[in-house]
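These notes are about the structure you will find just below.
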There are 2 protein chains.
Amino acid sequence: MENRDFRVLVVDDEPDIIEFIDYNLKREGYHTANAANGIEALAKAKDFKPDIVLLDVMMPRMDGIETCRQLRAMPEMDNSLIVFLTARSEEYSEISGFNAGADDYIAKPIKPRVLLSRLKAILRRRVRANEQESFEAGDLIIDRESFLVYRGSQKIQFARKEFELLFLLASKPGKVFTRESILGKVWGEDVLVVDRTIDVHIRKIREKLGDDYIATIKGVGYKFDK
Amino acid sequence: MENRDFRVLVVDDEPDIIEFIDYNLKREGYHTANAANGIEALAKAKDFKPDIVLLDVMMPRMDGIETCRQLRAMPEMDNSLIVFLTARSEEYSEISGFNAGADDYIAKPIKPRVLLSRLKAILRRRVRANEQESFEAGDLIIDRESFLVYRGSQKIQFARKEFELLFLLASKPGKVFTRESILGKVWGEDVLVVDRTIDVHIRKIREKLGDDYIATIKGVGYKFDK
DNA sequence: CTCTGTGTTAATTAATCCTTAACGGATTTT
DNA sequence: AAAATCCGTTAAGGATTAATTAACACAGAG
């Protein structure tokens with residue numbers, strides 16, 4: 001899906017910021033609309049049907065948190081994302097505490113590149129969330145619900161880490177994952193685990209599936225390649 | 001890549017700020033140069049070839065925005081980043097409106113840790129941004145994601161150095177790369193490797209692709225030419 | 001508590017990649 | 001024409017990276 005297909009509603013009481021965000025989004029091909037306060041935002045959302053709402057937390061009349069609640073209640077917003085714009089990242093705890101239903105937040109001051117890359121990431125994440133928990137890769141069916149992998153009528157059981165690793169690799173067949181990125185995604189960002197650990201799990205996967213599913217790219221990483 | 005390899009040009013009319021930033025960057029191993037105004041900045045940029053320019057927006061004689069435009073126009077600045085130093089975040093509209101080509105900005109007052117971590121993030125991002133994931137060259141498709149080269153339906157596998165070398169040459173078909181620049185880009189700036197090594201890798205590439213992809217320019221270097 | 005499956009690491013072995021030295025041919029310079 | 005330079009090629013070892021095995025810790029199930 002191209003950016004051009006995404007609709008973004010920007011809600012902020014400062015015209016400068018609206019203009020700034022609007023300019024950057026338009027340049028990337030997003031459809032945009034804007035509102036200066038919560039009341040206006042609700043009205044605009046109804047017509048505009050945004051995929052994503054960038055919502056300033058601090059606004060006069062009706063604040064972002066209340067606006068968010070009301071937006072969430074609208075049927076038109078069923079599949080939309082709401083992203084808070086917060087003056088400082090410290091306010092995150094506050095926001096999440098409110099549990100107003102925001103999907104993410106972006107800290108001000110907003111930098112063009114950060115805004116755009118975050119937006120992309122958020123939208124990508126949504127796409128994934130909508131994805132089924134089960135998919136096919138090669139002649140395998142990988143099903144997260146049951147933690148099982150099917151090959152034809154054969155059921156193959158994997159331990160959790162093995163499964164997550166296979167799941168990651170198979171989710172993008174052909175793509176080479178570096179050990180670093182594998183660690184980040186399967187084990188978590190700041191986990192102290194040695195690279196060899198990945199190798200061992202790869203080996204266990206190969207033991208169960210055969211050697212011709214996961215290819216080693218020496219000096220780079222692994223890929224699912226069947 | 002270590003910080004020591006990065007070159008930062010700091011442009012600000014206040015000597016105090018220059019000194020402050022300079023001190024902090026040097027401590028982290030960056031190479032630095034500085035300029036007190038836009039005119040000086042342009043001259044320095046030409047010699048110093050910075051990877052990144054920290055540019056005060058408000059300056060006498062020629063302001064940061066105009067300086068930025070002119071820097072962008074310089075061929076020496078092709079791969080450089082320009083980061084604005086802005087007095088306050090309110091300057092959004094200004095920054096966004098003119099589209100002078102800044103890559104990011106850092107708000108004053110500048111805190112050392114913020115400066116350094118932002119710089120790291122920005123440089124890291126650049127490295128990625130420069131990396132095209134996949135492109136066509138001649139009848140080849142060179143795909144870094146899978147570390148494969150396709151010729152029609154044929155998949156051709158390369159070892160890492162071979163791949164990087166082919167990737168470099170093919171990224172600018174027709175351009176002659178000297179051995180020196182090849183070493184710098186594929187092997188890294190301060191690696192001690194003998195020229196014959198490149199030849200050997202070129203040979204391996206030719207073995208896999210055929211002799212009519214990479215041409216030797218005697219006394220100069222190699223180019224991708226198909 | 002014991003047993004089993006899982007996750008991790010260390011240590012060893014295996015694979016392959018990278019680099020170099022050496023030599024020969026080609027081309028350019030002296 | 002000789003000398004010098006540059007490039008291509010080969011084969012060998014050294015260096016790097018991955019595969020494999022075995023051992024241990026730990027958690028949860030029974």
Side-chain angles (χ1 to χ4, degrees), chain A residues 144 146-149 155-169 176-225, chain B residues 144 146-149 155-169 176-225:
Chain A
R144 147 154 273 134
S146 61
F147 266 73
L148 277 175
V149 175
K155 281 185 191 177
I156 307 169
Q157 184 78 252
F158 286 89
R160 200 173 94 243
K161 280 281 193 301
E162 290 162 29
F163 185 88
E164 297 292 354
L165 178 51
L166 176 59
F167 192 91
L168 174 68
L169 294 176
V176 179
F177 291 83
T178 63
R179 288 191 167 67
E180 194 189 10
S181 82
I182 290 174
L183 277 184
K185 283 171 183 157
V186 175
W187 273 260
E189 282 305 338
D190 14 58
V191 176
L192 280 185
V193 163
V194 133
D195 277 0
R196 292 296 119 247
T197 301
I198 298 175
D199 301 19
V200 174
H201 284 280
I202 290 282
R203 171 154 188 287
K204 287 179 179 162
I205 293 171
R206 284 176 174 158
E207 267 175 6
K208 291 178 182 173
L209 287 180
D211 283 345
D212 45 351
Y213 284 87
I214 293 172
T216 303
I217 312 298
K218 226 182 175 183
V220 188
Y222 296 98
K223 67 176 173 179
F224 185 92
D225 187 21
Chain B
R144 154 158 263 127
S146 61
F147 263 81
L148 280 174
V149 175
K155 286 182 186 177
I156 307 170
Q157 184 81 252
F158 288 87
R160 191 162 53 128
K161 280 280 191 309
E162 291 161 30
F163 185 89
E164 298 291 355
L165 177 51
L166 175 59
F167 193 93
L168 174 68
L169 295 176
V176 180
F177 291 83
T178 63
R179 286 192 168 65
E180 193 189 12
S181 81
I182 289 174
L183 278 183
K185 283 171 181 156
V186 175
W187 273 260
E189 285 304 339
D190 16 58
V191 175
L192 283 184
V193 163
V194 131
D195 277 2
R196 286 307 107 249
T197 301
I198 297 175
D199 300 17
V200 172
H201 284 280
I202 290 283
R203 170 149 193 293
K204 286 181 179 158
I205 293 171
R206 284 176 174 157
E207 267 175 8
K208 290 178 182 172
L209 287 181
D211 284 344
D212 45 352
Y213 284 87
I214 292 172
T216 303
I217 312 299
K218 272 211 160 210
V220 189
Y222 296 98
K223 68 174 175 178
F224 185 92
D225 186 20

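To find a chain, count down the sequence lines: A is the first, B the second, and so on, and within it residues start at 1. Worth knowing before you read on, the calculation uses all heavy atoms, side chains too, and leaves out hydrogens, waters and symmetry mates.
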Cut-off 3.5 Å, no hydrogens considered: what does the side-chain donor-acceptor table look like for residues 217-225 of chain A, sequence neighbours left out?
unit_1	atom_1	unit_2	atom_2	d
A:Tyr222	OH	A:Arg179	NH2	3.0
A:Tyr222	OH	A:Asp199	OD1	3.3
A:Lys223	NZ	B:Ser146	O	3.0

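- One can place CD1 of B:Ile182 at 13 Å from P of C:dT19, the figure rounded to the nearest angstrom.
- Nearest heavy atoms, A:Leu169 versus A:Phe177: CD2-CD1, 3.4 Å.
- The shortest side-chain heavy-atom distance between B:Lys208 and B:Phe158 falls under the 4.5 Å cut-off.
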Report, one pair per line, the protein and nucleotides 18-20 of chain D atoms (nitrogen or oxygen only) whose separation is under 3.5 Å.
unit_1	atom_1	unit_2	atom_2	d
D:dA18	OP1	A:Arg179	NH1	2.9
D:dA18	OP1	A:Gly219	N	3.2
D:dA18	OP2	A:Arg179	NH1	3.1
D:dA19	OP1	A:Arg206	NH1	2.8
D:dA19	OP1	A:Thr216	OG1	2.7
D:dA19	OP2	A:Tyr222	OH	2.4

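- Shown here for B:Val186 and B:Leu165, the closest heavy-atom pair between the two residues is CG2-CA, 4.0 Å.
- A heavy-atom distance below 4.5 Å is found between the side chains of B:Thr216 and B:Arg206.
- Residue contacts for B:Leu192: at a heavy-atom cut-off of 4.0 Å it reaches the sugar-phosphate backbone alone, with no base atom in range.
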Listed pairs, N/O of protein and of nucleotides 2-7 of chain C, under 3.5 Å:
unit_1	atom_1	unit_2	atom_2	d
C:dG7	OP1	A:Lys161	N	2.9

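- A cation-pi geometry, defined here as NZ or CZ lying under 6.0 Å from the six-membered ring centre and within 45° of its normal, holds between A:Arg144 and A:Phe167.
- Using a 4.0 Å cut-off between charged nitrogen and carboxylate oxygen, A:Arg203 and A:Glu207 count as a salt-bridge pair.
- Between A:Thr178 and A:Leu183, the closest side-chain pair of non-hydrogen atoms is not below 4.5 Å.
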